[in-house]
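Okay, so here's the structure we're looking at.
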Amino acid sequence: MKDRYNPHEIEEKWQRRWAESRIYEAEPDDRKKFFITIPYPYLNGNLHAGHTRTFTIGDVIARYKRMLGYNVLFPMGFHATGTPIVGLAEQIQKKDPETIRVYNKLHEIPVDVLDNIQSPEQIVEYFSREAEAAMKNIGFSIDWRRKFTTTDPHYQKFITWQFNLLQSKNRVVKGAHPVRWCPNDENPVEDHDILKGEDATIIEYTLIKFKLDGEILPCATLRPETVFGVTNLWVNPKNLHVKIKASGETWLVSKEAYEKLKFTDKKVELIGEVSGEELIGKKVENPLTGAHVLILPASFVSPENGSGIVMSVPAHAPYDYLALRDLKGADLTKYGITEDVSSIPLISLIKVPEYGTYPAVDAVTELKVKDQKDPKAEEATKLVYRREFHGGVLTETTGKYAGMPVSKIKDVLARDLIDQGIADVFYEFSEQPVICRCGATCVIKMVENQWFLNYSDTSWKKQVYKCLGGMQIIPPEMRVDFENKIDWLKDKACARRKGLGTRLPWDREWMIESLGDSTIYMSYYIIAKYLDKFEPGQLKEEFFNYCLLGEGKPEDVEAKTEIALDIIESIRSDFGYWYPVDLRTSGKDLIPNHLLFFLFHHVAIFPEFNWPRAIAINGFVSLEGEKMSKSKGPLLTLKSAVKEFGADVTRLYILSTAEHVQDADWRAADVEATRKQVERFYKMAYDIINEKDTGELKLIDKWMLSRLQYRIRETAEALNKIQTRRSVQNAFYMLMNDMKWYERRGGKAARKQILHTWVRLMAPFTPHICDEIEEKLDGNFISLSRFPEADMSLIDKSAEFAEEILSNTLRDIEEIIRLIKIKPKRIILYTGASWKKAVLKRAIMMKKENTLDMKSLMNALMSDPAMRAHAKEIPKYAQKVITDIQGIDNELMNSLVEVELDETSALKEALGFLSHEVECNIEIYSADAPGYDPQGKSRNALPMRPAIYIE
RNA sequence: GCGGGGGUAACCAAGCGGCCAAAGGUGCAGGACUUAAGAUCCUGUUGCGCAGGCAUUCGUGGGUUCAAAUCCCAUCCCCCGCACCA
């Protein structure tokens, strides 16, 4: 150990020794096991501060559990499945300037290296090497023998097995689903492919098929229940409409709607054109109610929205009401309409507390909307919609639906209408337009014959609920989040046309989607150690069925796969030992996807005793207050953080700056401060090691040992809850402050003993520096030693009280000196009179018995002859004590009566220290025998609070 | 809109019914050490106060309580997710 702290030298040294001694290579034995996993990183870039946080939390827990005596398995792999890596390869090949910039500047890859990673395979190779090196440099205690990449042929066998199994359990189904689609690229568009309209979501409309002489006028609506209140349809006379064949029916829609329908699952065919004007004046039949209603002209109808034909519900839709009102007195004879349409009776079907029979009318009146072109019409629409949705109930008009809340009706009614063949589903973007990077306007396409995992299956969800119920979720507040997300999860497309990965075994045109192939791979870590024992081709289903599920006979597996029997048995027994996953820690972004799928697939495949035990969630990392971005910057790589500050400092900082789901902020200035603190720790340890402990334990040593026990207990409690911030706070900063005070008070005797404990307390956080120190203490690897246990017998309340009195008194003296602005020549302390102590104790006792009041206290006191000498002073003090006690918590009260402390002698022991601190001679008396007391200050002395006289 | 998280002193951040004017870190100011700088160590950092005190603070407004940053109600503001994408 050198006198100066050189993190890189120390870290390199210990990482090498750890690797040489293989201390993190876990094998089953008779200890209790702990299997911790962290989502493997996706290899389209270098590891960054976000990974640093999640992984370091995992490593700290792994190290902590190891020191608690668990046999810890902490493995790591790499994720390469999916499209981004392929996309990246294309960009690099094209030498796309932005990509080159991002990967050169943000991911810190030299340009000449970039030239050499052109193919997806090279990218995977490069980033996995970099990631492994980075994780080693920060000192993660990973068993590297188990690493793998999801594009490995062995792994593909594993995924193939998994999907065949899911298929056989009817968890994979065929269906169609809508995606954002670029008609130009003929590809689904992802968020980063979108130029404009990134926030647009796909909204499901119900298309209600009004009938006109055997032809159909479909109206798109978000509120299918209002079909009961339709009084007419709206068509914009200025728009061009088309007549099309749609799955055997003849439809009339806007030209734009026809373009959209081409991408749906309907077969559409253009037959002819119809102007808006032609349609107006005709009567259509409401398919649900059978009512015949007029088609009327309205200017607000946009051909871009829905079908270009709108059903009118003036009782509940302000636009409809306004358009109808706007027609008052209009001459519609050119459409062949002679009746006064403004007198068409409104049909109310929703009762809502805020409004009368016709909410739309009330809203228009309330907001004073002029006409359908008034911007306030939009506002009124939203208002009515909101109120009706949340507080509305369907009226008798809706027949069997009467009494149902509006918020519950949409899905039910839409389903019913579709089943009756009088409605369809129509998808529309929430924002328009959505523009692809290539410049084309995106549409919504129905991808057909798509493979889905049927997560929406209620029996599956029920199993997941059961699994979740038996799990620990950390922090516990996140449990409700998981529950919500389980409810919300729908069927998920599990196959794609392009990207890296494994083919769907029964439909080889499809690649298994990348989130689906990373759900149960934790079990693969157990196999991964044995990859040199067999070829991918030998990994037949029987192998996995036996090793992971215990199905079949090992001899049969041997016969089928030609894998040696002892290997098969060994894997099976390893699996039995290590599984299930005891803890998975992850960033919060993975809750609604990966972590959910992790649970779904586990319950689908494994028996209940192999379901995961716990999940811990952590937040993101920002840089100097700015959100970090892999593709836009800013970005801080793990590698460069360690290079600049060292592994231990990086670890300590990232752990201490935020707790659980809170986001952490990386601030270089604060990291620098942490570096100094670590340096101080190193220096302190160095000094302690090179000094001899002296003397026997004094009060201050007992105080220090007492404090240490609290720090240990807090640290352990925090780590048990994966509160890394709190644990670092206690194990490092608080203990550091205790040590400073201890040394300032001249404490020496316990320093080495403290250090012994301290390095072990710190070892999970800063393993390198701790091993460096431990080498000089015990010489063994610190991660193989035991984590400290708080020894409650070393808790010394009286030493703590003494120290508290001392520091409070010191602060008081200094405050007085500051206020009276003199250089003190003589200071006298008077400790509280013993009768006051007696009063206090008696009062506390009575308070605990719930019998404390002035009268009974006085009675009790006065029955004691020794008290009578102070009969004059007692009432006033007793009154004060009674009020003071109100504000004391129980623990303190207990201590106050239990602890026997001679304040006078305790202060006398610290007299030298006190006098030195205030640079003035100090004398101490008990108020029982004050001696020199010119101002009678001793009367003010209280228990735990000496009076002070300064001259 | 729905769901989740959050608003605490110059900043980050703990506390979630009583030793709370509020942990810890940072910044800032003063002091010690040093030829000096840095590092380190002390002290202070809401206001007032020439004896250890008092007054006012924890988004805002009410309420419960002997006692509220902490509990209840209302209200305002900020962040994240809402999917086929890793």
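Throughout, a chain's letter reflects where its sequence line sits, starting with A, and its residues are numbered from 1.
Base pairing of B:G15: its partner is B:U8, meeting the Watson-Crick or G-U wobble criterion (both donor-acceptor distances under 3.5 Å). Across all strands shown, B:C20 forms no Watson-Crick or G-U wobble pair with both key distances under 3.5 Å. Using the Watson-Crick or G-U wobble rule with both distances under 3.5 Å, B:G53 pairs with B:C48. Of all nucleotides present, none satisfies the Watson-Crick or G-U wobble test against B:C85 with each distance under 3.5 Å. When both pairing distances are held under 3.5 Å, B:U40 makes a Watson-Crick or G-U pair with B:A32.
A:Asn737 has a side-chain polar atom (N or O) that falls below the 4.0 Å cut-off from OP1 or OP2 of B:G25. In this model, the phosphate group of B:G3 is not approached by any side-chain N or O of A:Lys485 to a distance below 4.0 Å at OP1 or OP2. For the pair A:Arg726 and B:G25, the criterion of a side-chain N or O lying under 4.0 Å from OP1 or OP2 is not met. Distances shorter than 4.0 Å separate none of the side-chain N or O atoms of A:Gln886 from OP1 or OP2 on B:C19. OP1 or OP2 of B:G25 has not a single side-chain nitrogen or oxygen of A:Ser656 nearer than 4.0 Å. Between A:Arg667 and the phosphate of B:G27, there is no side-chain N or O to OP1/OP2 separation shorter than 4.0 Å. Distances shorter than 4.0 Å separate none of the side-chain N or O atoms of A:Gln662 from OP1 or OP2 on B:C12. When the side-chain nitrogen and oxygen atoms of A:Arg680 are compared with OP1 and OP2 of B:C41, one or more of them lie within a distance under 4.0 Å.
With C1' as the reference atom, B:C72 and B:C11 are 32 Å apart, rounded to whole Å. Distance check on atom P: B:C19 versus B:A37 gives 43 Å, rounded to whole Å. Nucleotides B:A21 and B:A9 have their C1' atoms positioned 9 Å apart, rounded to a whole Å.
Residues A:Glu803 and A:Trp741 bring a donor and an acceptor atom of their side chains to less than 3.5 Å of each other.
Scanning all heavy atoms of the two residues, the minimum distance from A:Val728 to A:Ser656 falls at CG1-CB, 3.6 Å.
Both A:Leu892 and A:Ala658 lie near RNA chain B, and the one whose nearest nucleotide falls closer to the 5' end is A:Ala658.
More than 12 heavy atoms of other residues, nucleotides or ligands lie within 6.0 Å of CZ in A:Arg497, so this atom counts as buried by the packing criterion.
When the nucleotides B:G24, B:G3, B:C84 are ranked by their closest atom to the side chain of A:Asn484, B:G3 comes out on top.
The base of B:G18 does not come close enough to the side chain of A:Asp889 for any donor and acceptor atom to sit less than 3.5 Å apart. For A:Lys821 and B:C50, a side-chain-to-base donor-acceptor distance below 3.5 Å is absent, hydrogens and geometry of angles not being considered.
A parallel orientation is assigned to the rings of A:Tyr521 and A:Tyr40, their planes being inclined by less than 30° (bins at 30° and 60°).
A donor-acceptor contact shorter than 3.5 Å links the side chain of A:Glu659 to the backbone of A:Thr724.
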